[in-house]
Amino acid sequence: MTAKDRVRAFSLKLRMAVLKDRREELKQRILQELKRPAPCAQTLRMLKRRKLSLKDELARHEGLLRTLDAMQSQPDRDMGRA
């Protein structure tokens, strides 16, 4: 894995940590809204959509990390070519 790939992987992990924090915050806001005597359906819908969007973004980043990890585990095949 090149230095650029390591930086990219670190950046992805950092971004994922931020996304996970935001997702947890949204989860708490959803729970707070549900505890209200008359929860606002529109607010709940918006919060749940945001949470789902973060989940999708996390899944994309996890896929990119898996790709980078796979690249790291494969030997550099171009080095043997003339």
Side-chain angles (χ1 to χ4, degrees):
M1 180 182 274
T2 66
K4 187 175 181 179
D5 290 336
R6 283 192 295 275
V7 168
R8 186 175 294 140
F10 178 75
S11 295
L12 283 172
K13 289 176 184 177
L14 198 58
R15 175 74 176 147
M16 288 174 65
V18 170
L19 292 175
K20 287 177 184 179
D21 287 344
R22 286 186 188 168
R23 194 161 174 248
E24 185 59 35
E25 289 171 10
L26 284 172
K27 181 180 175 181
Q28 294 305 317
R29 287 181 61 194
I30 290 169
L31 291 175
Q32 287 174 350
E33 185 66 29
L34 288 170
K35 289 179 183 178
R36 292 181 50 195
C40 178
Q42 185 176 0
T43 300
L44 283 171
R45 199 169 30 252
M46 178 198 61
L47 292 171
K48 288 180 179 183
R49 282 184 182 164
R50 284 186 190 171
K51 186 178 168 202
L52 184 59
S53 173
L54 290 176
K55 180 181 177 184
D56 291 342
E57 192 172 348
L58 276 166
R60 281 193 301 273
H61 289 330
E62 287 171 357
L64 288 171
L65 276 177
R66 281 194 299 274
T67 300
L68 287 172
D69 288 341
M71 288 171 53
Q72 178 185 10
S73 64
Q74 291 179 350
D76 193 1
R77 297 178 186 181
D78 292 336
M79 305 264 311
R81 294 184 184 168

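Just so it is clear, the values below take in all heavy atoms, side chains as well, and ignore hydrogens, waters and symmetry mates.
- Screening Arg23, Arg22, Arg15 against Leu58 for a side-chain contact (heavy atoms from CB on, under 4.5 Å) leaves a single residue, Arg23.
- Applying the side-chain hydrogen bond (donor to acceptor under 3.5 Å, both in side chains) test to Arg36 and every residue at least two apart in sequence or in another chain returns Glu33.
- Atom CG in Leu47 sits 5.5 Å away from atom CD1 in Ile30 (nearest 0.5 Å).
- Taking NZ of Lys27 as the start and NZ of Lys51 as the end, the distance is 6.0 Å to the nearest 0.5 Å.
- Atom CG of Asp56 sits about 11.0 Å away from atom CG of Leu19, to the nearest 0.5 Å.
- Nearest heavy-atom pair, Pro39 versus Leu44, reported as atom, atom and distance to 0.1 Å: CB-CD1, 3.9 Å.
- Using a distance-only test at 3.5 Å, with no hydrogens or angles considered, no donor-acceptor pair links the side chain of Ser53 to the main chain of Arg49.
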For Arg50 and Arg29: C-alpha separation, side-chain torsions, deciding distance, then whether side-chain contact (heavy atoms from CB on, under 4.5 Å) applies.
CA-CA 11 Å; Arg50 284 186 190 171; Arg29 287 181 61 194; 3.9 Å; yes
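- Distance check: Met46 CE to Cys40 SG gives 8.5 Å after rounding to the nearest 0.5 Å.
- Applying the side-chain hydrogen bond (donor to acceptor under 3.5 Å, both in side chains) rule to Gln28 yields the partners Glu24; only residues at least two apart in sequence or on another chain are considered.
- Once rounded to the nearest 0.5 Å, the distance linking CG of Leu12 with CZ of Arg66 reads 12.0 Å.
- Taking Gln32 as the reference, nothing meets the side-chain hydrogen bond (donor to acceptor under 3.5 Å, both in side chains) condition, with sequence neighbours excluded.
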Intermediate values then yes/no, side-chain contact (heavy atoms from CB on, under 4.5 Å), Glu57 and Met16:
CA-CA 9 Å; Glu57 192 172 348; Met16 288 174 65; over 6 Å; no
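- Summarising the geometry, atom CG belonging to Leu65 is positioned 13.5 Å from atom CZ belonging to Arg60; distances are rounded to the nearest 0.5 Å.
- In this structure, Leu64 is not a member of the same hydrophobic cluster as Val7, with clusters built from ILVMFWY side-chain heavy atoms closer than 4.5 Å.
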